[in-house]
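Residue numbers start at 1 and run along the sequence shown.
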Amino acid sequence: MPEIFAPKSETELAELISGGGPYSIEGLGSRRGLGRLTNSRPTLSLAAFQGVAAYEPEELILEAGTATPLRVVQKLLREKNQMLAFEPPDFSHLWGTSHSGSIGGLLATGLAGPRRIKAGSVRDHVLGVRGVTGRGEIFKAGARVVKNVTGYDMPKLMAGSFGTLAAMTSVTFKVLPAPETEETVLVSVQDDVKAMRVMSNALQSSAEISGAAHVPGEGTYLRFEGIAVSVAARRDRYVSRLTSNCEIISAQQSRLVWAKIRDCKAIAHDAERALWRISVAPMQGAAVAAHVARQSDARYFFDWGGGLLWISLPAASDGRAAFVRSAFKEGHATLFAAPEDLRKRIDVFQPQAPTLAALSKRVKSALDPKGKLNFGRMYAGV
């Protein structure tokens, strides 16, 4: 079993990185199932960096140690009727963990839920970050900090970096008031192409939709959030223009529907299958699904107005990687959950174009020139 190092301070963390490595970086370990395998190396655990350092509801700012459980942060925000607006998902059931992970892991993986189409992604809400680079240098950047000495926008750079650039110790997020209520309109459209049009029209209307998803066999879900009078007015205005039958789903049931969509529970999936997360232009979603669904026993649904396709396939020997990625010209497909032996054999993340790959290597070299932090977690050689 690989050795585990658990520093208690930033100084100790910097000393470990300066004098050792390479390491696998880990907070609470909830996201081991995502990315390329690097578990043969010593683990650098950041579990000691926990706790909410500052929460200012009036200023809409929250700062916490990166290993602070996400559930702790969300409970604190609910008490003040506030939220992380990008709607953090909980994929613990996909990766076989017992909890939804840490606030730092949320930033490191850059994952957002259905509200992303309105509120933006994780990187749009991160304000500051502290940590140690692969050079062993302690840094702080973003909120309440003057100039970032590296020349990079470090908070945004950390979003989706999977611990390959720095070992983060603290993150600061912008929080927002939670909506007073919500309702969902379920439109009785089963055809994928027609569903894309319904979602596109709704998102371009004045309805201010905060969620648009299509689940084959169920229909197309459109979420309305805000104060009650506004939700009712926008819902009624939208429904009055519909040419398809629809059902109004009240607040309590609406929250359950969107939790199922957010956490990828809208389709059946098990650990022996390959789950792909495909991001494309929304109006291309149906064509991509039709191409991939030629594979027998494909199960899928759409989020983000058709721009995010979740599809579960039999694992096969290659997870159908080439077949899946041949379905689109622009976009990316991530092998989101799969047996370990499959994650060893294929590219988990969408292969990068040469110019983008060269840029990734330059950034990695600037912050972690000796490849000490999660080397190869995203791409071989990075």
Side-chain angles (χ1 to χ4, degrees), residues 4-14 16-17 23-34 43-92 95 97-113 121-132 138-145 154-163 165-176 178 262-263 373-374:
I4 298 176
F5 296 92
K8 306 298 182 184
S9 67
E10 287 180 344
T11 300
E12 187 180 350
L13 175 61
L16 282 168
I17 293 175
Y23 299 107
S24 290
I25 308 299
E26 189 171 282
L28 298 181
S30 65
R31 293 168 172 83
R32 292 177 189 147
L34 179 58
T43 296
L44 192 56
S45 171
L46 305 178
F49 298 96
Q50 291 198 27
V52 175
Y55 177 35
E56 301 176 17
E58 299 80 10
E59 300 298 326
L60 303 176
I61 291 175
L62 182 141
E63 179 184 356
T66 48
T68 305
L70 180 59
R71 58 179 171 75
V72 171
V73 171
Q74 291 180 312
K75 180 177 183 295
L76 183 63
L77 293 175
R78 282 195 298 269
E79 291 172 355
K80 295 295 184 179
N81 198 33
Q82 294 184 337
M83 65 177 181
L84 293 167
F86 52 87
E87 205 167 355
D90 178 1
F91 297 127
S92 56
W95 299 322
T97 58
S98 60
H99 56 84
S100 57
S102 65
I103 190 73
L106 185 67
L107 177 60
T109 52
L111 298 170
S121 66
V122 180
R123 71 189 304 272
D124 297 312
H125 294 263
V126 62
L127 297 174
V129 63
R130 293 178 60 100
V132 180
I138 298 173
F139 72 92
K140 54 183 179 179
R144 306 176 190 177
V145 176
M154 292 293 283
K156 287 182 169 52
L157 194 60
M158 293 299 105
S161 64
F162 281 78
L165 302 177
M168 295 183 290
T169 59
S170 174
V171 292
T172 303
F173 276 105
K174 172 177 64 179
V175 300
L176 291 176
R262 179 197 68 207
D263 299 340
L373 307 178
N374 273 2

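Every ring pair (Phe, Tyr, Trp, His ring centres under 6.0 Å) that Phe173 has, sequence neighbours left out, goes to Phe86. Checked against side chain to side chain donor-acceptor pair (under 3.5 Å), Thr109 has the following partners two or more places apart in sequence or in another chain: Arg31. Contacts of Lys75 classified as salt bridge (Lys or Arg N to Asp or Glu O under 4.0 Å), with partners at least two apart in sequence or in another chain: Glu79. Residues meeting the side-chain contact (heavy atoms from CB on, under 4.5 Å) test with Ala64, sequence neighbours left out: Val52, Leu62, Thr68, Ile103. Residues forming a ring pair (Phe, Tyr, Trp, His ring centres under 6.0 Å) with Tyr55 (at least two apart in sequence, or on another chain): none. In this structure Ala166 satisfies the side-chain contact (heavy atoms from CB on, under 4.5 Å) test together with Phe139, Met158, sequence neighbours excluded. Residues satisfying the side chain to side chain donor-acceptor pair (under 3.5 Å) criterion with Ser170, sequence neighbours excluded, are Glu63. Partners of Arg78 by salt bridge (Lys or Arg N to Asp or Glu O under 4.0 Å), not counting sequence neighbours: none found. For Thr11, there are no side chain to side chain donor-acceptor pair (under 3.5 Å) partners, not counting sequence neighbours. A search for ring pair (Phe, Tyr, Trp, His ring centres under 6.0 Å) contacts involving Phe91 returns Trp95, Trp310, Phe336, not counting sequence neighbours. Shown here are the side-chain contact (heavy atoms from CB on, under 4.5 Å) partners of Ala85, two or more places apart in sequence or in another chain: Met83, Ala119, His125, Leu176. By the side chain to side chain donor-acceptor pair (under 3.5 Å) test, Ser9 pairs with no residue at all, sequence neighbours left out.
Across all their heavy atoms, Gly29 and Thr97 have their closest contact at O-CG2, 4.1 Å. Gly128 and Pro155 get closest at one heavy-atom pair: CA-CG, 3.9 Å. Nearest heavy-atom pair, Ala112 versus Ser121, reported as atom, atom and distance to 0.1 Å: CB-CA, 4.4 Å.
Judged by distance alone, the side chain of Asp263 and the main-chain N or O of Asp90 form a donor-acceptor pair under 3.5 Å. No donor-acceptor pair under 3.5 Å is formed between the side chain of Gln82 and the backbone N or O of Leu60. Checking side-chain atoms of Ser102 against main-chain N and O of Thr66 turns up a donor-acceptor pair under 3.5 Å. Between the Tyr23 side chain and the Leu16 main chain, a donor and an acceptor come within less than 3.5 Å of each other.
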| request: For the pair Ile138 and Thr169, evaluate side-chain contact (heavy atoms from CB on, under 4.5 Å) and give the outcome as yes or no after the intermediate values. | output: CA-CA 10 Å; Ile138 298 173; Thr169 59; over 6 Å; no
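Here the CG-CG distance, from Leu84 to Leu77, works out to 5.5 Å after rounding to the nearest 0.5 Å. Taking OG of Ser24 as the start and CG of Asn374 as the end, the distance is 5.5 Å to the nearest 0.5 Å.
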